[in-house]
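Below, read A as the first sequence line, B as the second, and so on, with proteins coming before strands; counting in each chain starts at 1.
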Amino acid sequence: MIAPDDSTSRHFIREIIENDLKAGKHKTVVTRFPPEPNGYLHIGHAKSMCLNFGLAADFGGRCHLRFDDTNPETEETEYIEAIQRDIRWLGFDWGQHLYYASDYSERLYQYALELIKLGKAYVCTLSTEEFKDYRGVPTRPGKESPWRNRPITESLELFQRMREGKEAEGAYVLRAKIDMASPNMHLRDPVLYRINKTPHHRTGTTWPIYPMYDFAHCLSDSIEGITHSICTIEFEVHRPLYDWILDVLKVPCHPQQIEFARLNLSYTIMSKRLLQELVNSKVVAGWDDPRLPTLAGLRRRGYTPEAIREFCRRVGVTKVNSLSDVALLEHCLRDDLNKRSHRVMAVLNPLRVVLENYPDGREETFEALNNPEDPSAGARRVPFARVLFIERDDFQENPPPKFFRLAPGRTVRLRYAGFITCQRVIKDPATGAIKELHCSYQPPAPKGQAPEGSKVKATLHWVSATHALQAETRLYDRLFTKENPADEADFKACLNPASLQTVSAWIEPNVRGAQPGSRYQFERLGYFCVDPDSTDDKPVFNRTITLQDTWAKIQQAQRISTCKMSKS
RNA sequence: UGCCGGAUGGUGUAAUGGUAGCACAACAGACUCUGGAUCUGUUUGUCCAGGUUCAAGUCCUGGUCCGGCAACCA
């Protein structure tokens, strides 16, 4: 159970808002979530959404969804749809407040004209190379453009020509007139508008000029009456420019920009560029590949929105760059899935078991709890017969210490179905490989207690060989072998070759007809989710996450200690 | 060598001058028809050096280290 922990849901941004409200600076809270439609949303965006939508909801305000679509080169309608789908899935709602920066084109253009008239902006004729040269470097001031003092009327005329499409891309830009010697690079007469004739996914060829982020964002915020404009810390150095524009122009309001540290997650990448690269190079199957931290990928993998939101709550909000442990995300996931998933039995790596004393042709069913954590989930019946499959890992001919599953002469419990004792191990005479086990069977006692005097320490999952449904399972592991792949010289060099294993499985027939997205716990194995690739005759299950596996830990510890012993 | 941020256990975070707390991870135990879940316990921390103060993670000074900033991207 996740105990409510108020200490982690309180943070400095909430405090700022509380104080603003208390001081009467605002009557309500208006935030915005401003994705650029040039890629899919990932769990880092989830943190931002939890902040913006969450804070607005907590204070009874509203959160706008605004597409920051001011760059026609990279943006596409596909992304607009995917982004909305993902936000809704995560559980957030923008109501009527869906906006596009591109809808503000005319107003933004008028603001730009205003800026020129105020003598605070000018059209600059410098080429890109010259521009770079004049800008200087952080440690040394830049030089003023020779066009800086171009007459206002000339700038006005040129800017209008730019807008009418009469000028070539790169020929001119509109620049703010601030301070070429500023230690803040963003104040060195930043570009406000550039010419770009690429058709825009929404406005087509109506606009041959596009505002830069710094110009469009603060004004869009102001136009929408945003009170708190929350963004990530790389925009901290942009804040003086955000404020400059809103101070110089006559605008509806002046929102407060507040920065927080973006989310980084161990063993994965969050950069849109790198994600795009994995998708383009077909390293993964698409933006919704279940190994990706995209919301579409996590959804397909079987993550719940609740688990993601709880994770975001628990990592907190600060201005410190950090790398959050993916184990916390996984913990939140297991915690949620444990409470809600129906249990079912499935065998991934089958070992045939023949019950010597169980009549051939006889069948019966045993009642099994759908979810021991939730009595209201009810029960189901699982078919049982003479030939079963158990997990190959659950038998060892020469059991190591602490292995208390099945072994020759040993008795174990079958989940909900009684007990078996291993009598004989049948091997392939040619290879020596274990073919099947012959066991004696003892039906279950009323409460499942072990037979008097026996030392039954394990309970195994099983399926009836004739009744089991064959399915494909996709076993996922982390995509990368390094904690912070983005730090590597070549992030693709640390891809985990075993991040996906496709394995066929035998599943109890109760899952027949399960719809894509349905989640189950395969007892003792992990949580699985029906993939959209499923067909009527062949379901496909994605392994969302394994169960905690104490035995695996013991084994690993044993391996390490034998390794040490052989070394010394 | 410029400017802006930041630094609390392995990780993430809290403590708003007054007992350094929580979660994850790790480890140990209890319980259990999932070696699951649950419960209990243990280990581990204020970047450094000075100063102010009865008292400093918190305030001051100096340093160290880390992140960001030099797209006509966002």
Which nucleotide in the list [options] gets nearest to the side chain of [X]?
{"X": "A:Lys553", "options": "B:A26, B:G12, B:A74", "result": "B:A26"}
{"X": "A:Asp325", "options": "B:U11, B:U34, B:A74", "result": "B:U11"}
{"X": "A:Asn71", "options": "B:C72, B:U34, B:A74", "result": "B:A74"}

Could one point to a donor on the side chain of [X] or the base of [N] with an acceptor on the other under 3.5 Å away?
{"X": "A:Arg343", "N": "B:U34", "answer": "yes"}
{"X": "A:Arg524", "N": "B:G35", "answer": "no"}
{"X": "A:Glu373", "N": "B:G36", "answer": "yes"}

Considering only atom [atom1], compute the distance from [N] to [M] and round it to an integer number of Å.
{"N": "B:U19", "M": "B:U58", "atom1": "C1'", "answer": "16 Å"}
{"N": "B:A37", "M": "B:C4", "atom1": "C1'", "answer": "48 Å"}
{"N": "B:U52", "M": "B:A56", "atom1": "P", "answer": "11 Å"}
{"N": "B:G35", "M": "B:A14", "atom1": "C1'", "answer": "35 Å"}
{"N": "B:U11", "M": "B:C54", "atom1": "P", "answer": "37 Å"}
{"N": "B:A49", "M": "B:A30", "atom1": "C1'", "answer": "48 Å"}
{"N": "B:A7", "M": "B:G12", "atom1": "P", "answer": "12 Å"}
{"N": "B:G17", "M": "B:U1", "atom1": "P", "answer": "34 Å"}

[X]-[Y] side chain donor-acceptor pair, cut-off 3.5 Å:
{"X": "A:Tyr527", "Y": "A:Gln521", "answer": "yes"}
{"X": "A:Asn71", "Y": "A:Tyr213", "answer": "no"}
{"X": "A:Arg543", "Y": "A:Thr473", "answer": "no"}
{"X": "A:Tyr40", "Y": "A:Glu78", "answer": "yes"}
{"X": "A:Arg262", "Y": "A:His45", "answer": "no"}

Reference residue A:Leu406; test side-chain contact (heavy atoms from CB on, under 4.5 Å); the match among A:Thr411, A:Thr421, A:Leu351, A:Ile390: A:Ile390
Across the strands shown, which category fits [X] at heavy-atom distances under 4.0 angstrom: base, sugar-phosphate, nothing?
{"X": "A:Arg415", "result": "base"}
{"X": "A:Tyr134", "result": "nothing"}
{"X": "A:His217", "result": "nothing"}
{"X": "A:Arg405", "result": "base"}
{"X": "A:Leu525", "result": "nothing"}
{"X": "A:Lys402", "result": "base"}
{"X": "A:Thr459", "result": "base"}
{"X": "A:Tyr172", "result": "nothing"}
{"X": "A:Thr318", "result": "sugar-phosphate"}
{"X": "A:Thr70", "result": "sugar-phosphate"}
{"X": "A:Leu192", "result": "nothing"}
{"X": "A:Gln521", "result": "base"}
{"X": "A:Glu259", "result": "nothing"}
{"X": "A:Thr546", "result": "nothing"}

Would you say a side-chain N or O of [X] is under 4.0 Å from OP1 or OP2 of [N]?
{"X": "A:Thr550", "N": "B:G36", "answer": "yes"}
{"X": "A:Arg10", "N": "B:U16", "answer": "no"}
{"X": "A:His331", "N": "B:C24", "answer": "yes"}
{"X": "A:Gln555", "N": "B:G35", "answer": "no"}

Cation-pi geometry met for A:Arg478 and A:Tyr267 (6.0 Å, 45°): yes
NZ or CZ of A:Arg202 within 45° of A:Tyr100 ring axis and under 6.0 Å: yes
N-glycosidic conformation, B:A23 - syn within 90 degrees of 0, else anti: anti
Whole-Å distance between [N] [atom2] and [X] [atom1]?
{"X": "A:Asn264", "N": "B:G68", "atom1": "CG", "atom2": "P", "result": "10 Å"}
{"X": "A:Asp335", "N": "B:C24", "atom1": "CG", "atom2": "P", "result": "9 Å"}
{"X": "A:Ile43", "N": "B:G12", "atom1": "CD1", "atom2": "C1'", "result": "14 Å"}
{"X": "A:Tyr122", "N": "B:C72", "atom1": "OH", "atom2": "P", "result": "12 Å"}
{"X": "A:Asp68", "N": "B:C73", "atom1": "CG", "atom2": "P", "result": "14 Å"}
{"X": "A:Met212", "N": "B:A70", "atom1": "CE", "atom2": "C1'", "result": "13 Å"}
{"X": "A:Tyr193", "N": "B:C73", "atom1": "OH", "atom2": "P", "result": "14 Å"}
{"X": "A:Met345", "N": "B:C33", "atom1": "CE", "atom2": "P", "result": "16 Å"}

Worked verdict on A:Asn371 versus A:Glu373 for side-chain hydrogen bond (donor to acceptor under 3.5 Å, both in side chains): CA-CA 5 Å; A:Asn371 185 353; A:Glu373 304 286 317; over 6 Å; no
Summary of protein contacts for nucleotides 1-6 of chain B, nucleotide by nucleotide, where a base hit scores B, a sugar-phosphate-only hit scores S (4.0 Å, heavy atoms): -BSSSS
Stem list, RNA chain B (Watson-Crick or G-U pairing under 3.5 Å, at least 3 consecutive pairs): B:2-7 with B:64-69, B:10-13 with B:21-24, B:26-30 with B:38-42, B:47-51 with B:59-63
Aro-ring/base stack A:Trp551-B:G35, d under 5.5 Å, angle under 30°: yes
Residue closer to the 5' end of RNA chain B, A:Ala417 versus A:Tyr210 (nearest nucleotide): A:Ala417
5'-most by nearest nucleotide on RNA chain B - A:Phe404 or A:Glu483: A:Glu483
Heavy-atom side-chain proximity of A:Val456 to A:Arg410 below 4.5 angstrom: no
Should the ring pair [X] and [Y] be called parallel, tilted or perpendicular, given that the plane angle runs from 0 to 90° and is split at 30 and 60?
{"X": "A:His238", "Y": "A:His186", "value": "tilted"}
{"X": "A:Phe541", "Y": "A:Phe528", "value": "perpendicular"}
{"X": "A:Tyr441", "Y": "A:Phe384", "value": "tilted"}

Criterion ring pair (Phe, Tyr, Trp, His ring centres under 6.0 Å) on A:Trp551 and A:Phe403, from CA distance to verdict: CA-CA 8 Å; A:Trp551 170 239; A:Phe403 180 88; 5.4 Å; yes
